[in-house]
Amino acid sequence: MASSDLMVGLEIGTSKICVVVGEGRPDGTIKILGVGQAPSRGVRKGEIVDFETAMKCVHEAVVDAETKSDVMIRSVYVAISGSHIQSFNNRGAVTLPEDRDEIDEQDIEDVKINAREVSIPAQNAFLHSIIQHYHVDGQDGVLNPVGMLAEKLEADFHIIHGVRTRIQNTIRCVKELPLEVEDVVFSALASAQVVLTPNQKGLGALVIDIGGGTTDYILYVDGAVKQSGCLGVGGDHITNDISMGLRIPMTRAEKLKIDEGSAVLGNCLPGETVQLRDDSGFAGKEIERETLNTIINLRLRETFELLKKKLEEEPFINYVGEGIFITGGCSHLKGIAHLAEEVFELPARVAHAQTMSGLTSAFENPQFSAAIGLIKYAQAVQTDRPRPRRFGRIFGKLFNGMRLS
Ligand SMILES: Nc1ncnc2c1ncn2[C@@H]1O[C@H](COP(=O)(O)OP(=O)(O)O)[C@@H](O)[C@H]1O
Ligand SMILES: [Mg+2]
């Protein structure tokens with residue numbers, strides 16, 4: 001198998017490290033060859049806080065993926081998260097020189113660079129400039145302007161940026177192993193590649209990826225990314241609330257949340273309880289079911305309301321025709337889609353990766369959406385720009401970000 005057909009996605013999550021090995025097929029589909037996993041340590045709210053420990057965990061997950069897929073991993077696409085990730089929309093413009101009237105590839109690059117000529121915080125670097133729409137001499141809705149006659153090319157971009165050192169630390173953690181980093185991709189952008197179909201992006205959709213310590217989101221209208229970002233709160237906060245509220249150990253609280261918890265209230269019989277059996281060092285306890293669900297409901301409701309408030313700073317949420325797609329480990333929580341519908345007043349569903357072949361169990365698990373999405377992202381990048389791999393590209397990109405910030 002030619003190594004260029006192989007693509008590897010790595011997500012360094014707060015709960016788990018996940019490595020997905022995929023193979024690009026000539027028909028454009030992807031086959032998942034194997035998934036490696038390791039519990040995550042040294043990561044808080046999506047960001048590395050203990051470098052050595054995180055590195056060991058990544059290594060463990062990579063070795064696991066190598067064993068499962070029978071592939072030697074040399075380079076990876078890495079998902080990045082953390083509440084330092086920010087975004088905005090901006091328009092770039094270029095005027096064609098007098099002696100040329102046809103738009104070329106360089107103009108496309110230049111208009112992107114122009115759109116980045118805005119001030120972002122000095123410590124930040126650009127992660128993505130995602131094209132929304134081109135405008136050719138005022139004509140809207142142009143999909144591919146190369147070759148068109150024009151005097152002026154304008155383009156709207158969704159620009160995602162984050163704190164440079166935090167991005168670099170993630171890259172370093174992988175490079176030290178040593179593995180090459182092909183690209184760094186915002187987690188929710190990766191998830192959306194496999195959770196949504198192009199049609200759903202066109203009709204408008206919001207993807208919410210709720211993991212252990214973060215809630216990553218991305219919103220599409222008319223097939224274009226309009227809003228994206230990350231809240232530093234996730235499923236582990238629910239577990240923490242259960243532990244504190246019911247005065248039980250964290251491991252017990254986690255198991256209770258997964259096995260018995262629900263985000264919906266009013267479905268229990270009055271006085272219905274869950275019995276926690278005694279265990280080494282734990283005396284056992286009777287928990288009122290509605291109390292447990294109330295703790296879950298309150299935290300999750302607060303998270304959704306926080307997100308709703310952020311999204312409502314712009315009008316795009318009103319154009320989300322296909323509704324909300326919840327993914328990530330926390331989407332397993334019973335009743336979560338129901339609660340999202342209540343808060344956002346939009347249809348909501350739990351979603352996992354689609355349009356793949358190979359390991360069914362892998363892409364049916366919403367915990368793997370981001371890592372699988374990286375493979376799809378990688379395939380799109382490689383199809384778009386068929387050229388030899390350029391290692392060290394990330395540092396070039398970050399450096400570029402520094403110059404432009
Ligand atoms: N079956 C389940 N029911 C409820 N929550 C779950 C379930 N499985 C995992 N989770 C929660 O999902 C979170 C981890 O999600 P994941 O997407 O793997 O996180 P990350 O990408 O941050 O590592 C944890 O808070 C965990 O408790
Ligand atoms: Mg995640």
Side-chain angles (χ1 to χ4, degrees), residues 11-18 35-50 53-54 56-57 60-61 64 81-82 187 208-216 230-265 267-268 272-304 326-340 350 352 361 364-371:
E11 187 198 14
I12 306 174
T14 310
S15 297
K16 50 102 194 51
I17 317 259
C18 175
V35 178
Q37 272 194 91
S40 181
R41 280 173 287 123
V43 182
R44 243 189 110 238
K45 297 189 179 193
E47 297 175 39
I48 294 168
V49 289
D50 177 346
T53 307
K56 276 190 198 132
C57 296
E60 207 180 303
D64 188 32
S81 180
S187 287
I208 310 177
D209 183 328
I210 316 185
T214 60
T215 295
D216 303 301
C230 174
L231 306 176
V233 46
D236 293 349
H237 294 79
I238 302 173
T239 305
N240 195 50
D241 289 354
I242 296 171
S243 164
M244 303 281 278
L246 301 177
R247 296 175 184 274
I248 56 172
M250 284 289 278
T251 46
R252 282 301 191 126
E254 173 75 3
K255 192 164 168 8
L256 187 63
K257 174 183 84 172
I258 291 174
D259 294 345
E260 307 288 344
S262 167
V264 179
L265 301 181
N267 284 343
C268 313
E272 197 180 332
T273 57
V274 182
Q275 191 64 40
L276 289 186
R277 268 177 293 139
D278 54 341
D279 204 352
S280 50
F282 178 68
K285 200 167 181 160
E286 198 172 55
I287 308 284
E288 202 159 322
R289 205 177 267 281
E290 193 71 356
T291 310
L292 168 69
N293 294 349
T294 303
I295 296 172
I296 296 171
N297 178 284
L298 285 178
R299 172 62 83 163
L300 212 45
R301 179 182 294 277
E302 185 190 63
T303 309
F304 284 150
I326 309 168
T327 196
C330 204
S331 70
H332 282 296
L333 204 57
K334 284 177 214 80
I336 194 168
H338 189 278
L339 181 61
V350 172
H352 56 74
S361 57
E364 282 182 352
N365 187 344
Q367 267 185 285
F368 299 150
S369 296

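When a residue number appears, it is its place in the shown sequence, counting from 1.
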Indicate the atoms forming the closest heavy-atom contact of [X] with [Y], along with that distance.
X      : Y      : result
Cys230 : Asp216 : SG-OD1, 3.1 Å
Asp64  : Gly36  : OD2-CA, 3.3 Å
Gly212 : His237 : O-ND1, 4.1 Å
Gly82  : Glu47  : CA-OE2, 3.7 Å
Gly213 : Asp236 : N-OD2, 4.2 Å
Lys257 : Ile296 : CG-CD1, 4.5 Å

Return the [atom1] to [atom2] distance between [X] and [Y], rounded to the nearest 0.5 Å.
X      : Y      : atom1 : atom2 : answer
Gln37  : Ser15  : CD    : OG    : 10.5 Å
Ile326 : His332 : CD1   : NE2   : 12.5 Å
Asp209 : Ser369 : CG    : OG    : 6.0 Å
Lys285 : Thr273 : NZ    : OG1   : 13.0 Å
Phe368 : His352 : CZ    : NE2   : 12.5 Å
Ile287 : Asn293 : CD1   : CG    : 11.5 Å

Residues which pass side-chain contact (heavy atoms from CB on, under 4.5 Å) with Ile295, listed by chain and number, not counting sequence neighbours = Asp241, Ile242, Leu246

Any heavy-atom pair between the side chains of [Y] and [X] that's under 4.5 Å?
X      : Y      : result
Asn365 : Val35  : no
Glu60  : Pro39  : yes
Ile210 : Ser331 : no

Using the test side chain to side chain donor-acceptor pair (under 3.5 Å), find all partners of [X] that sit at least two apart in sequence or belong to another chain.
X      : value
Gln275 : none
Ser187 : none
Asn240 : none
Arg289 : Glu260, Glu272

Got a donor-acceptor contact below 3.5 angstrom from the [X] side chain to the [Y] backbone?
X      : Y      : result
Thr294 : Glu290 : yes
Ser40  : Gly13  : yes
Lys16  : Gly329 : no
Asn297 : Val264 : no
Ser243 : Ile248 : yes

request  = Please say whether more than 12 non-hydrogen atoms of neighbouring residues, nucleotides or ligands are located less than 6.0 Å from NZ in Lys56.
outcome  = no

ask   = Is it the case that more than 12 heavy atoms not belonging to Met244 sit under 6.0 Å from its CE atom?
value = no

request  = Applying salt bridge (charged side-chain N to carboxylate O under 4.0 Å, His left out), name anything that partners Lys255, two or more places apart in sequence or on another chain.
outcome  = Asp259

